[in-house]
2 protein chains.
Amino acid sequence: MQHVFLTHLKERRLKLTPQRRLILDVFLGLRRHVSAEELYALIQKKDPSIGQATVFRSMKLLVEAGVAQSSGLGGRSICYEPNRKHHDHLICTRCGAIREFRSESIEREQEKIAIAHGFALSAHRMELFGLCNVCPKGSRS
Amino acid sequence: MQHVFLTHLKERRLKLTPQRRLILDVFLGLRRHVSAEELYALIQKKDPSIGQATVFRSMKLLVEAGVAQSSGLGGRSICYEPNRKHHDHLICTRCGAIREFRSESIEREQEKIAIAHGFALSAHRMELFGLCNVCPKGSRS
DNA sequence: ATCCTAATTGATAATGATTATCAACCGATG
DNA sequence: CATCGGTTGATAATCATTATCAATTAGGAT
Ligand SMILES: [Zn+2]
Ligand SMILES: [Zn+2]
Ligand SMILES: [Zn+2]
Ligand SMILES: [Zn+2]
């Protein structure tokens, strides 16, 4: 996985710094969605000298390298997750729980729709919102 | 349409001000997606005394009243469109063109997926990104 | 190992979109 | 028309992110 990142760096004459190494490791160690801010807090515990600008910059770099993908989840802030097979999200509007899924039939249908409109599809985002099964149905907010 | 808004106001003892009337009229007059900022610019031409905070507040109110819906399009800023029948979006990554569509089969499949995961679906967002047919395929950005 | 240079860093200022604050104002009801 | 609570506009504040910049450093060439 990290091999992809190293290759990306060399191709563009970018440098592998201790900061980038640490950020990459911590990020890949997690197996969930994180915002740059959350990740910064985790990084801080391992090396308090790292600034948050570096975390923002590094996450951008990880996305460019294809190591991370940014899912527009997490309310106002951008969330990242390790780049695996494409999937979409099911999000609980109450507790924030996130479930991942992939529907081949929807993926196919999206392609068909794009073609019908003369678009060359390159990506998509789909999020389903609702109450998960551990959240009580009859209560508000 | 505006009837819905007036009812919403009365139900909550809110007031119908000239500002809200103008913002509602201009918004409904457009038949496209607008950000609060774009709308503010249009409002300014009709009445330069209206502040942009009022536009932001009013758009929020229109959403609560069910007159407008906020689509998370438009990059960083929230976009609004008059609340019609549910639909999803196809967006050109080059020129920003937006096409609307609705796929019954996808809508059904989303329901099935939510149920399979124990979620009670309340809403969803789906955006397809690609190059539209008037944008050249072989060029970058 | 030593140099060199361009990339990187951390602190901080700046940005852009949105929200909060607050005194002055005004719409609705009686 | 008097009263009162909702509303307004200007402005400050917030939040996430990006830009700036002097100081530092990785990595290729000597
Ligand atoms: Zn995911
Ligand atoms: Zn839940
Ligand atoms: Zn839909
Ligand atoms: Zn286009």
Side-chain angles (χ1 to χ4, degrees), chain A residues 2 5-27 33-65 68-80, chain B residues 2 5-27 33-65 68-80:
Chain A
Q2 302 147 315
F5 185 53
L6 297 179
T7 303
H8 182 82
L9 292 181
K10 269 183 191 142
E11 280 174 1
R12 316 200 170 192
R13 293 195 198 85
L14 304 178
K15 294 171 182 175
L16 177 61
T17 63
Q19 292 90 337
R20 285 177 179 171
R21 202 160 17 211
L22 177 59
I23 292 169
L24 176 66
D25 287 348
V26 172
F27 174 67
H33 305 77
V34 275
S35 64
E37 226 169 350
E38 285 177 292
L39 190 56
Y40 172 59
L42 295 169
I43 294 291
Q44 281 281 297
K45 292 178 186 169
K46 304 231 176 188
D47 183 346
S49 72
I50 294 183
Q52 63 184 146
T54 301
V55 177
F56 276 107
R57 283 185 293 233
S58 297
M59 291 317 296
K60 215 177 200 177
L61 186 58
L62 289 189
V63 171
E64 286 165 14
Q69 59 184 307
S70 63
S71 29
L73 306 175
R76 341 205 164 290
S77 56
I78 300 170
C79 272
Y80 300 92
Chain B
Q2 302 148 315
F5 186 52
L6 296 180
T7 303
H8 182 82
L9 292 182
K10 269 183 192 143
E11 279 174 2
R12 316 199 170 193
R13 293 196 198 83
L14 304 179
K15 294 172 183 176
L16 177 60
T17 64
Q19 291 90 338
R20 286 177 177 170
R21 202 162 15 211
L22 177 60
I23 292 170
L24 177 66
D25 287 350
V26 172
F27 174 67
H33 304 77
V34 275
S35 65
E37 224 169 352
E38 285 178 290
L39 190 56
Y40 172 59
L42 295 169
I43 295 290
Q44 281 280 298
K45 292 179 187 168
K46 302 230 176 189
D47 183 346
S49 73
I50 292 183
Q52 63 184 148
T54 300
V55 177
F56 276 108
R57 282 185 294 232
S58 296
M59 291 317 296
K60 216 177 199 178
L61 186 58
L62 289 189
V63 171
E64 287 166 14
Q69 59 183 306
S70 63
S71 30
L73 306 175
R76 343 205 161 291
S77 58
I78 300 169
C79 273
Y80 300 92

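Naming: A, B, ... by sequence-line order, numbering from 1 per chain.
Using a distance-only test at 3.5 Å, with no hydrogens or angles considered, a donor-acceptor pair links the side chain of Q44(A) to the main chain of I50(A). No donor-acceptor pair closer than 3.5 Å links the side chain of E11(A) to the backbone N or O of H8(A). Not a single donor-acceptor pair under 3.5 Å links the side chain of R20(B) to the backbone N or O of S58(B).
The shortest distance between the side-chain N/O atoms of K60(B) and the OP1/OP2 oxygens of dT18(C) is not below 4.0 Å.
In this structure, CD in Q52(B) is found 10.5 Å from CZ in R57(B), a value given to the nearest 0.5 Å. Taken from SG in C79(B) to CD in E37(B), the straight-line distance is 10.5 Å, to the nearest 0.5 Å. To the nearest 0.5 angstrom, L16(A) atom CG is 7.0 Å from F5(A) atom CZ.
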Check nucleotides 28-30 of chain D for protein N or O atoms closer than 3.5 Å to its own N or O atoms and list the pairs.
none

Could you list all N or O pairs between the protein and nucleotides 7-10 of chain D that sit under 3.5 Å apart?
residue	atom	partner	partner atom	Å
dT7(D)	OP1	K15(B)	N	3.0
dT7(D)	OP1	R20(B)	NH1	2.2
dT7(D)	OP1	R20(B)	NH2	3.1
dT8(D)	OP1	T17(B)	OG1	2.7
dT8(D)	O3'	Q19(B)	NE2	3.1
dG9(D)	OP1	Q19(B)	NE2	3.4
dG9(D)	OP1	S49(B)	O	3.2
dG9(D)	OP2	G51(B)	N	3.4
dG9(D)	OP2	T54(B)	OG1	2.3
dG9(D)	N7	R57(B)	NH2	2.7
dG9(D)	O6	R57(B)	NH1	3.2

Give every pair of a protein N or O atom and an N or O atom of nucleotides 23-25 of chain C that lie under 3.5 Å apart, one pair per line with the distance.
none

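The CD-C1' distance, from E38(B) to dG16(C), rounds to 15 Å in whole Å. Note: CZ (F56(B)) to P (dG16(C)) measures 13 Å, nearest angstrom. Distance CZ (R12(A)) to C1' (dG27(D)): 19 Å, rounded to an integer number of Å. Separating the CG atom of L6(B) from the P atom of dG27(C) is a distance of 15 Å, rounded to the nearest angstrom. When rounded to the nearest whole Å, the span between CG of L39(B) and P of dT18(C) equals 12 Å.
Scanning all heavy atoms of the two residues, the minimum distance from A36(A) to V55(A) falls at O-CG1, 3.6 Å. Scanning all heavy atoms of the two residues, the minimum distance from I78(A) to S70(A) falls at CG2-CB, 3.7 Å.
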Take D47(A) and Q19(A) through the test side chain to side chain donor-acceptor pair (under 3.5 Å) and record every step on the way to the result.
CA-CA 9 Å; D47(A) 183 346; Q19(A) 292 90 337; over 6 Å; no

